Amino acid sequence: LGDALRNTKIQWYQIPVGLGIGFLGLVQFYKVTAREQEKQRDLEVGEPGSQPRGRPKVRPDGPWQVQVMSTLPLKAMSRLWGRFNELTIPYYLRVPGFKLYAFIFGVDLSEVGEDDLHVYPNLAAFFYRKLKPGSRPLHPDPHMLLSPSDGRVLQFGQIEGGDIEQVKGMTYSIDALLGRRTPTSSISNGSSGTSTEHAKKIHREASEEEEIIKSDAEFARVNGIPYTLPDLFTGSGRSKPVKDAATPSSQSTEAEVGAELALGERPWYDIISPDKTTSLYYAVVYLAPGDYHRFHSPTNWVVERRRHFAGELYSVSPYLQRTLPGLFTLNERVVLLGRWRWGFFSYIPVGATNVGSIVVNFDRELRTNSLTTDTEADRAADEAAARGEPYLGFAEASYEGASPVLGGHALRRGEEMGGFQLG
Amino acid sequence: STIVLVFEAPSQQKGENGRVKGWEWKVQKGQRVRQGQALGQV
């Protein structure tokens with residue numbers, strides 16, 4: 001073989017120019033055809049009889065940085081980042097490591113819950129640290145809406161025409177952020193879904209109702225929730241209730257639950273007060289890497305539903321918020337829908353590449369930034385496509401079972417709700 | 001990471017004595033806040 005390689009004469013020939021041009025033309029033709037076919041497949045998603053193929057990939061518009069980012073496997077990178085940060089740091093490197101992190105990202109170590117930083121085995125544990133009791137006093141006025149977390153207020157304002165202004169000139173639809181309709185029951189996976197079985201369960205528990213009412217009335221009084229129980233039952237408060245049929249009385253029937261499902265099909269903004277005395281407002285709080293990453297309830301309110309959008313995990317840095325329109329409608333997020341003293345209230349933790357895992361303390365079934373969740377979302381998209389329905393993009397759970405009287409999970413002002421974890 | 005709040009509150013309107021009633025923000029854009037600090041009130 002060596003002899004053949006050494007002694008064989010090599011003679012080079014020029015390829016005819018026409019052949020080269022033809023080859024390049026073929027490559028280009030193949031690329032264009034593939035692109036067209038991809039577009040065609042995207043259009044076919046949702047049409048009856050079309051081939052199921054998971055969630056359609058959203059290609060965001062934006063500068064080249066955004067285009068490059070959209071080609072990266074952000075969720076896989078985020079999971080890998082999470083795993084990496086769960087590796088145990090050698091004991092003697094922990095304190096200098098955390099001090100370096102604190103120096104770079106501006107963490108105030110004097111308010112960290114544990115005096116001995118050796119207690120935190122890795123960066124993930126340090127990142128999800130608790131603070132010393134009393135280091136975040138609540139505003140003394142009980143009527144104030146509080147900041148849910150440490151951070152920077154990037155945007156706030158009034159929502160007009162259903163659009164939120166992300167930055168000057170860039171808006172995104174509130175429907176896209178929160179989700180417009182409740183999906184069909186096949187997607188509901190909550191701890192107590194809006195199902196017939198749930199209605200029957202409520203019916204069985206009717207004999208215990210009086211006791212529950214007493215305890216919830218006590219809760220409402222303690223927390224200063226300013227509506228009476230009849231208000232909660234009949235929706236005779238200041239604004240229209242989310243679900244009139246959610247009243248868990250001893251008369252609960254399947255018909256009521258059916259009515260409730262029908263109400264769930266309404267656009268979310270139908271719940272806004274019909275007398276136009278109220279408006280919708282929004283606020284965006286950005287948490288920097290060095291901030292305390294647990295989030296709290298900004299007021300006394302009742303969470304009725306949770307919608308999990310298993311989206312992408314772009315960075316949510318102020319730069320990207322300026323350059324990528326609708327960033328919050330692309331990223332993975334947990335939309336908590338409920339009501340407070342003045343009517344509708346929603347709370348939306350949005351994940352990012354480095355902090356993709358959103359934890360909600362009162363929802364053990366919620367799994368964010370998980371391969372399983374992505375697979376389930378793809379399956380739900382396939383099923384929706386097979387049924388000829390558009391994929392709504394989220395899985396919904398109901399918290400009505402948490403408190404049948406209040407119709408959801410009640411949260412106190414300042415109560416810890418959950419947090420963001422690395423990866 | 002980011003937290004977005006969307007909520008319903010009484011609209012701003014001027015009262016008889018010229019005072020503004022309704023929702024009022026207590027923060028500025030770009031302001032650093034801590035958990036528990038006031039964002040606004042009715």
Side-chain angles (χ1 to χ4, degrees), chain A residues 136-139 141 143-156 158-159 164 174 177-178 239 271-273 276-287 292-296 298 316 321 328 333 339-352 354-355 358 414 420, chain B:
Chain A
R136 292 288 180 273
L138 305 183
H139 193 282
D141 185 345
H143 301 300
M144 285 281 183
L145 181 73
L146 306 177
S147 172
S149 66
D150 287 7
R152 190 180 296 279
V153 180
L154 289 188
Q155 288 290 326
F156 63 80
Q158 185 174 341
I159 297 172
I164 290 182
I174 190 74
L177 178 71
L178 302 181
S239 67
I271 63 174
I272 301 300
S273 171
K276 306 286 184 191
T277 57
T278 58
S279 302
L280 272 181
Y281 297 91
Y282 73 96
V284 179
V285 180
Y286 167 72
L287 289 77
Y292 165 62
H293 262 73
R294 292 177 186 245
F295 50 73
H296 295 244
V316 291
Q321 290 195 32
F328 299 140
R333 60 198 180 279
R339 61 200 143 79
W340 71 317
R341 177 179 186 178
W342 304 104
F344 172 76
F345 196 90
S346 67
Y347 189 107
I348 307 124
V350 184
N354 62 334
V355 277
I358 302 168
F420 296 98
Chain B
S1 37
T2 303
I3 297 173
V4 183
L5 301 176
V6 178
F7 53 92
E8 185 183 3
S11 307
Q12 277 193 355
Q13 49 191 313
K14 279 200 171 182
E16 290 174 358
N17 54 2
R19 280 188 63 186
V20 177
K21 288 182 175 179
W23 179 255
E24 185 187 357
W25 292 102
K26 298 285 183 188
V27 286
Q28 302 292 323
K29 279 182 188 171
Q31 182 183 333
R32 276 202 64 81
V33 288
R34 290 180 143 202
Q35 186 261 314
Q37 192 175 328
L39 286 183
Q41 72 170 144
V42 175

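Naming convention: chains lettered A, B, ... in sequence-line order (proteins, then strands); numbering from 1 in each chain. Source: prediction; values computed, not measured.
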* Separation between CG of A:N354 and OG of B:S1, rounded to the nearest 0.5 Å -> 6.5 Å
* Parallel, tilted or perpendicular, as decided by the 30° and 60° cut-offs, for the rings of B:W23 and A:Y281 -> tilted
* Pairwise side-chain contact, B:T2 with A:V285, heavy-atom cut-off 4.5 Å (strictly under) -> no
* To do: Applying side-chain hydrogen bond (donor to acceptor under 3.5 Å, both in side chains), name anything that partners A:R294, two or more places apart in sequence or on another chain.
  => A:E416
* Considering only heavy atoms from C-beta outward, does the side chain of A:W342 approach that of B:V42 to under 4.5 Å? -> yes
* To do: Report yes or no: does A:W340 contribute a side-chain atom to a donor-acceptor pair with the main-chain N or O of B:E8 at less than 3.5 Å?
  => yes
* Structure fact -> Heaviest contributor of heavy-atom pairs below 4.5 Å to chain A, chosen from B:K26, B:Q31, B:Q12, is B:Q31
* What heavy-atom pair brings B:V27 and A:F156 nearest, and what distance separates the two atoms? -> O-CZ, 3.3 Å
* **Steps toward side-chain contact (heavy atoms from CB on, under 4.5 Å) verdict (B:L5, A:Y347)** => CA-CA 5 Å; B:L5 301 176; A:Y347 189 107; 3.4 Å; yes
Show which side-chain atoms of residues 144-154 of chain A pair as donor or acceptor with protein atoms under 3.5 Å away, not counting sequence neighbours.
unit_1	atom_1	unit_2	atom_2	d
A:S147	OG	A:S149	O	2.7
A:D150	OD1	A:R136	NE	2.9
A:D150	OD1	B:Q35	N	2.8
A:D150	OD2	A:R136	NE	3.2
A:D150	OD2	A:R136	NH2	2.6
A:R152	NH1	B:G30	O	3.0

* CD1/B:I3 to CZ/A:R333 distance, rounded to the nearest 0.5 angstrom? -> 15.0 Å
* Measure from the side-chain N and O atoms of B:S11 to the backbone N and O of A:T277, and report whether any donor-acceptor pair falls under 3.5 Å. => yes
* For the residue pair B:K29 and A:Q155, establish whether any side-chain heavy-atom pair is separated by less than 4.5 Å. => yes
* **Per-residue contact mode, A:F420 against chain B (heavy atom under 4.5 angstrom)** => side chain
* Structure fact -> Counting heavy-atom pairs under 4.5 angstrom with chain A, the leader among B:R32, B:Q37, B:E24 is B:R32
* Structure fact -> So, the part of B:Q28 with a heavy atom under 4.5 Å from chain A: the answer is backbone
* To do: To the nearest 0.5 Å, tell me how far A:R341 CZ sits from B:F7 CZ.
  => 14.0 Å
